[in-house]
Every structure is written in C-alpha cells, then in structure tokens.
Amino acid sequence: MEIHSKVHYKNLIRWSEDKPRVVVLSADLTSSCEADGFRDTYPERFFSMGIAEQNMLSFAGGLAREGYIPLVHTFAVFIYRRAYDQIAMSVAYSNLPVKMFGFLPGVTTPGGATHQAIEDLSVMRSLPNMTVLECGDVTDVESVLDVMATVEGPVYIRMLRGEIPRLFAKNEPMKLKTPRLLSRGTDFVLLSSGLCTEEAIRAGKALEKQGVRIQHYHISTLKPFHHPEILEAISASKYGAITLENHSVIGGLGSILAEQMAEAGLGKPLKRLGLQDTFLHGASRTYLMKEYHITAMDLVRTVEIMAHENFNIQEADLREIFIPAMHSSAKADAL
C-alpha cells in the first residue's frame, strides 16, 4: 500500500503559493496541525492566535469580511466545542468563506474525551450555510483544498494528518457533493466515511469472495447530502443499507442516511456502525476501533447478521491495514 507522510503540510504550501488572500490561523497547535510549513514559507500570512479559539474564529470572520480567505487550523474539538457561538454568529450567519480544518477526529487520538471529536458532524451540519467535508485518504487530503475553494461560504473539514494511505487513484480527486462508488452490488448498500473507508474496503473484498455483492460508496461531502442514486440502490438491494463511520451514530453519516431514507419512504433495514452514544477511552486507534466496533470484522459480522448467514471470515482473511506509529515524527495519532 502506498503511504505518504505529512500530506497537508506539503499541499498547503504548494496550493497557497499563488493565492495571496489565503491566510492561516493557528491556536497554538501549528506543527500538530501541519501548518508550520506555511508559517515558515509565508510568515506574513500566518497568524498565531494562542489558546483562544473563540477569538480566533471571530478574528477569522473579520478577515473574511475584508476579502481574505482564512484557513483555521486546530484540533476539531477546539473548533466546534469551544467556539460554536462565534462560528454561528461571526461566520455562518453571514455566510463568510472561513475554512475550518479540524484535526484528530474520533478515534485518531489517544487524548481521551477532551481531545476526541465524536459529535462534530452533528453539531456543524446543523448550522445553516455550513458545508461539511471529511478526508479518507491521501488523495482526499491532496484535493480537499481545491474542493473547499469552490464553496463561497464556510466549510468545516474533518482532516487527517501524519502518515496516511492512498486508497483512491491520484488522478481521481475528491469532488464536492459526489460520492465515490468503490464497488457495485445488489445485496447491500454500504456508506463509509473518513478512515473507516479503509476498513470497509477490507471487509468488502473478503465478503466478495464469499459471493456477497456490496454497492460501496465513500462519502466525503456530508453536507449537503442529496443522492437519489444511493436511495435507488438501497431500494433495489436485497438486504438493505449499512453505514460505517468514525463518529457518533447520532447526527453523523448514519443519521444522515436514516433521514434521507425516512423522507423517501424506504422500508429497508439500516444498520449504523459507529460510536453508540458513548465517549471514548484514551487509547490507540487500533484498540479504540475494536473496542467500539468500527472495524472490518465488525462490518463482516453485521453483514452476516443481516443476511442470516455465517461466511466464516476471520481476521486472517482480511488484507493488512496500515497502522501508523502513534508517536512517529509525523505525529499521526499522538498529541
């Protein structure tokens, strides 16, 4: 598997070179959010705001009113939990082009409940004018800047850092409001997002060998979400739909699909794999994914239950997954 290190760090420098109105704001987590390269390359366009996220978001709103494009960098929890009122009133209400990069979503940090963004999608997608994106691999991270630039208003991005695998072809970048169709099938429809897509791919390959046909979509635009083709695929499926996400099932991808299915009157089963109304422990990504049942094996077992079959798939039958070192120089998971 192709693995890249500090993708956003490099891409941000390159992408910003010919965009003098782009500025970066950091809340004392500059290197931890891979913004230190931008700081060193374009120091006149970098603002270190200290540990004052509410002020940072209000400041970003002011910059946007003056014609700048502020890129806010910090851990996801410090964006939506600490500065929600400022985002709502100083950014979203006026539909200003403030782009917020939220790092360490869900299980991607051992920092415990204070640092793990588990309900950010439910909070941010409820804000009027807000676009919500999530990166799942290197290709997504490389192309998300171009995608967010096409949105006139505010954007919240669930970002990956450190060492990241490439799951999608480099010449097939992320597209706004466009799911990636990764496999076709009529037994199940599977929607995955973020780092859970790699787990979904692992499970899908093993299930395919057992004759299970899955229509798998990787979702990078969580708001807006309007995909009649997905609902049509669910309606035509044999067993129904499954969502797999690194987020609470309340308000995240599972809720998004449930809302859409209910409004369309689809009487198909839906199983939502994600965090089941719980906070997380402080532990490694691998441990947390197993503990909270968002792994490829959990997806396999869910398919077995819904299909009323036992495919006898074991962990050894799944292709290997890349597990970054928690405390590597690339800061994949550590604080």
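By convention here, the first residue in the shown sequence is residue 1. It should be emphasised that the depicted structure is a prediction, and the values quoted were computed from it without experimental measurement.
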Counting only N and O atoms by type, is there a donor-acceptor contact under 3.5 Å from the side chain of [X] to the main-chain atoms of [Y]?
| X | Y | value |
| --- | --- | --- |
| Arg125 | Val132 | no |
| Lys205 | Ala200 | no |
| Gln260 | Phe225 | yes |
| Gln54 | Arg82 | yes |
| Ser237 | Gly240 | yes |
| Gln116 | His281 | yes |

Between [Y] and [X], is there a side-chain donor-acceptor contact under 3.5 Å, judged purely by atom types and distance?
| X | Y | value |
| --- | --- | --- |
| Thr109 | His115 | no |
| Ser193 | Arg158 | no |
| Thr295 | Asp298 | yes |
| Arg166 | Thr139 | yes |

## Note on the structure
Looking only at heavy atoms, the pair that brings Met100 and Leu57 closest together is SD-CD1, 3.9 Å
### Message
Ignoring hydrogens, what is the shortest heavy-atom contact between Val147 and Met174? Give both atom names and the distance.
### Response
CG2-O, 3.2 Å
Please report the interatomic distance [atom1]([X]) to [atom2]([Y]), rounded to the nearest 0.5 Å.
| X | Y | atom1 | atom2 | answer |
| --- | --- | --- | --- | --- |
| Asn246 | Leu253 | CG | CG | 11.5 Å |
| Leu12 | Leu71 | CG | CG | 6.5 Å |
| Ile250 | Gln276 | CD1 | CD | 8.5 Å |
| Thr221 | Glu134 | OG1 | CD | 11.0 Å |

### Query
Looking at Leu133, Asn129, Leu176, which hits side chain to side chain contact (heavy atoms under 4.5 Å, CB included) with Val151?
Leu176
Looking at [X], I want to see if its [atom1] is surrounded by more than 12 non-hydrogen atoms of other residues, nucleotides or ligands under 6.0 Å.
| X | atom1 | result |
| --- | --- | --- |
| Tyr42 | OH | yes |
| Lys19 | NZ | yes |
| Asn310 | CG | yes |
| Lys268 | NZ | yes |

Taking side chain as C-beta onward, heavy atoms only, is [X] less than 4.5 Å from [Y]?
| X | Y | value |
| --- | --- | --- |
| His4 | Glu163 | no |
| Leu244 | Glu199 | yes |
| His247 | Asp120 | yes |
| Met124 | Ile87 | yes |
| Asp140 | Asp137 | yes |

### Query
Using the ring of each side chain (for Trp, its six-membered ring), is Phe78 parallel, tilted or perpendicular to Phe75, with breaks at 30° and 60°?
parallel
### Message
Using a strict threshold of under 4.0 Å (side-chain N to carboxylate O), is an ion pair present between Glu66 and Arg21?
### Response
no
### Query
Does the distance from a Lys or Arg side-chain N to an Asp or Glu carboxylate O, for Glu142 and Lys10, drop under 4.0 Å?
no
### Task
State yes or no: are the ring centers of His227 and Tyr217 separated by less than 6.0 Å?
no
### Task
Go through the steps for Ser16 and Arg45 under the test side chain to side chain donor-acceptor pair (under 3.5 Å), then give the verdict.
CA-CA 10 Å; Ser16 303; Arg45 289 194 275 149; 5.0 Å; no
